[in-house]
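Notes to accompany the following structure.
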Amino acid sequence: MNDRTQPSLFSHQAESISESIIRNAAMLSEALDNHMRHSFRPDTRKSLRKFTPAEVSELTGISLSNLRTRHQEGDFPEVETDARGRRMYEAAEIAEIRQIMAETGRNGHIYQPGRRDGDAMQVISIVNFKGGSSKTTTAIHLAQRYALRGYRVLAVDMDPQASLTTMFGYRPELEFVEHGTIYDALRYEDPVPLSQVIRKTYFHNLDLAPAGLLLSEYETETAYALQHRMEPPFTQRLAIALDEVEAEYDIVIIDCPPQLGFTTMTALLASTGLVITVVPSMLDIASMAQFMELAGETVKTLEEQAGPTDWKFMKFMIARYEPTDVPQSQMAGFLKSILLDQVLHTPMLKSTAISDAGMTQQTVYELEPSQLVRKTRDRIMESVNGVADELEQIIQQAWGRRTD
């Protein structure tokens with residue numbers, strides 16, 4: 001039998017490869033939709049759990065004894081209690097307590113760590129040239145941690161794959177097929193104000209500018225716009241969009257796509273700081289080095305045309321780190337020996353807790369403490385909080401504040 005008479009892999013279904021792809025995509029989409037509806041039943045939108053007194057103490061810096069005393073004296077609003085009589089706090093109630101402490105506590109300013117008069121909004125892009133480097137995981141954990149810490153946060157999804165958007169409980173391929181994403185504010189024809197696409201989330205103080213597959217059009221449209229000198233150029237489009245909502249936020253966290261195209265460069269040139277995630281392996285570090293070389297040359301060319309960028313910092317974050325993995329430890333040490341204090345001291349650990357939570361579009365902050373073994377939870381929370389807190393100090397320093 002020659003090649004021409006070989007039966008097709010799809011002949012028994014009498015469909016082409018393209019038809020099979022479309023059919024499988026529809027089946028997966030329906031299954032995922034059913035899965036998410038089951039996960040978030042009875043409400044198809046996600047909601048945030050309540051927090052224990054110990055968590056409130058860690059987030060705010062209020063001691064447990066002072067927390068109890070202020071409740072007993074009537075300074076703090078009453079909150080619901082669990083079956084054991086332990087107070088449980090919603091995120092909005094934590095924010096209310098922060099405000100009370102800011103007005104009545106000693107050194108009240110420490111309870112409201114966000115921007116003050118004269119402080120610039122901090123726009124932080126999470127980037128890497130390679131997929132699977134924990135960009136989205138890092139972005140959503142940073143955004144949620146800062147919202148819980150009392151900052152007003154905007155998460156911007158700049159990846160057409162829209163993983164960050166999905167983590168917030170949306171179905172981009174169903175809900176944002178034609179409009180409603182960051183693309184609407186960036187497109188060259190009839191862009192809309194960014195405020196029209198920003199969505200409130202189930203997290204107090206945390207909003208989202210979603211992404212969808214349509215965002216991929218931005219690459220080809222930008223190439224066309226450059227040829228025809230359309231204004232404003234891609235180098236300014238996100239910065240201009242953010243200007244409209246600048247007064248509403250302290251921190252913007254951007255999840256960038258895993259390639260150095262116009263979309264990523266648009267994000268980088270709107271940023272005040274960069275966090276480059278890197279898995280401590282030879283291949284990943286080589287990929288990161290290539291990304292940095294390409295990015296550096298591209299930014300240099302753009303700076304020659306439009307002036308210098310306003311990055312306050314650039315930090316490297318070691319991701320998916322396994323301390324017991326000797327080659328990884330060696331590569332992490334190698335990276336720190338070359339880049340020195342540009343590498344964050346705290347790595348983001350590889351953890352089944354994060355992976356398992358991601359199966360239901362959750363983070364470690366959303367999981368009930370009882371869902372994890374205490375030792376496992378303490379280990380991963382120390383890692384995730386450590387990364388966020390170290391970067392928070394850098395943000396505070398960018399605002400000219402002492403952090404010691």
Side-chain angles (χ1 to χ4, degrees), residues 113 120 122-135 137-139 141-142 145-146 251-256 258 260 264-265 267-303 308-351 379-404:
Q122 294 299 301
V123 182
I124 303 168
S125 281
I126 315 298
V127 294
N128 195 296
F129 193 57
K130 189 176 181 181
S133 60
S134 295
K135 285 188 291 73
T137 298
T138 301
H141 280 89
L142 289 177
R145 173 69 174 177
Y146 294 147
I251 300 173
V252 178
I253 301 292
I254 305 176
D255 185 23
C256 294
L260 190 63
T264 297
M265 291 308 303
L268 297 189
L269 294 170
S271 299
T272 59
L274 307 182
V275 174
I276 301 174
T277 61
V278 56
V279 177
S281 72
M282 183 64 74
L283 289 176
D284 283 272
I285 291 177
S287 176
M288 183 192 69
Q290 183 184 22
F291 167 81
M292 291 173 58
E293 182 178 0
L294 289 170
E297 291 297 329
T298 304
V299 171
K300 181 180 178 181
T301 300
L302 294 172
E303 285 183 324
T309 55
D310 190 27
W311 294 340
K312 303 298 183 185
F313 61 87
M314 179 175 69
K315 292 291 182 178
F316 298 86
M317 189 205 79
I318 296 174
R320 301 179 62 81
Y321 181 58
E322 298 182 81
T324 58
D325 187 318
V326 175
Q328 272 206 357
S329 296
Q330 291 174 339
M331 292 308 299
F334 170 76
L335 194 65
K336 291 178 179 179
S337 71
I338 301 299
L339 301 175
L340 304 175
D341 61 354
Q342 292 184 82
V343 181
L344 294 176
H345 296 294
T346 309
M348 184 79 79
L349 297 181
K350 182 178 181 179
S351 169
R379 175 176 171 269
I380 193 59
M381 293 303 291
E382 181 180 0
S383 169
V384 175
N385 289 347
V387 170
D389 294 353
E390 190 175 343
L391 189 59
E392 182 182 356
Q393 289 189 345
I394 296 168
I395 292 170
Q396 291 287 325
Q397 290 168 359
W399 285 331
R401 302 179 198 168
R402 294 174 62 90
T403 57
D404 47 59

Do [X] side-chain atoms and [Y] backbone N/O form a donor-acceptor pair below 3.5 Å?
| X | Y | result |
| --- | --- | --- |
| E390 | H345 | yes |
| S281 | Q328 | no |
| E392 | Y146 | no |
| R145 | V384 | no |
| K135 | N128 | no |
| S337 | F334 | yes |
| S383 | R379 | no |
| K350 | P323 | no |

(message) Which residues pass the side-chain contact (heavy atoms from CB on, under 4.5 Å) test with S134, not counting sequence neighbours?
(response)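 Once residues adjacent in sequence are excluded, the partners of S134 under the side-chain contact (heavy atoms from CB on, under 4.5 Å) criterion are T137, T138, A319, R320.
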Identify the heavy atoms of [X] and [Y] that sit nearest to each other, and give their distance.
| X | Y | value |
| --- | --- | --- |
| D255 | A139 | CB-CB, 4.1 Å |
| L268 | S125 | CD2-CB, 4.0 Å |
| P113 | W399 | O-CZ3, 3.5 Å |
| A267 | I254 | CB-CG2, 3.9 Å |
| L335 | I285 | CD1-CD1, 4.2 Å |
| Y321 | P347 | CD2-CG, 3.5 Å |

(message) Name the residue from V343, T277, V279 that meets the side-chain contact (heavy atoms from CB on, under 4.5 Å) definition with I318.
(response)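 When side-chain contact (heavy atoms from CB on, under 4.5 Å) is applied between I318 and each of V343, T277, V279, only V343 qualifies.
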(request) Among I126, L274, V127, find the one that has a side-chain contact (heavy atoms from CB on, under 4.5 Å) with C256. (result)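 Result: among I126, L274, V127, V127 is the only option passing the side-chain contact (heavy atoms from CB on, under 4.5 Å) with C256.
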Distance in Å, [X] [atom1] paired with [Y] [atom2], rounded so as to fall on 0.5 Å steps:
| X | Y | atom1 | atom2 | answer |
| --- | --- | --- | --- | --- |
| M265 | T301 | CE | OG1 | 9.0 Å |
| I253 | Q122 | CD1 | CD | 10.0 Å |
| S351 | E322 | OG | CD | 10.0 Å |
| I124 | K312 | CD1 | NZ | 13.0 Å |
| L142 | M317 | CG | CE | 7.5 Å |
| E293 | Q290 | CD | CD | 7.5 Å |

(message) With a 6.0 Å cut-off (strictly less than), is the heavy-atom count around CD of E382, excluding the residue itself, greater than 12?
(response)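 Atom CD in E382 is not packed in, count stays at 12 or less.
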(request) For K336, look at atom NZ and say whether over 12 heavy atoms of other residues, nucleotides or ligands are found less than 6.0 Å away. (result)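 Atom NZ in K336 is packed in, count exceeds 12.
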Just wondering, do [Y] and [X] contact through their side chains at under 4.5 Å, heavy atoms?
| X | Y | result |
| --- | --- | --- |
| I394 | L344 | yes |
| Q397 | F313 | no |
| W311 | V299 | yes |

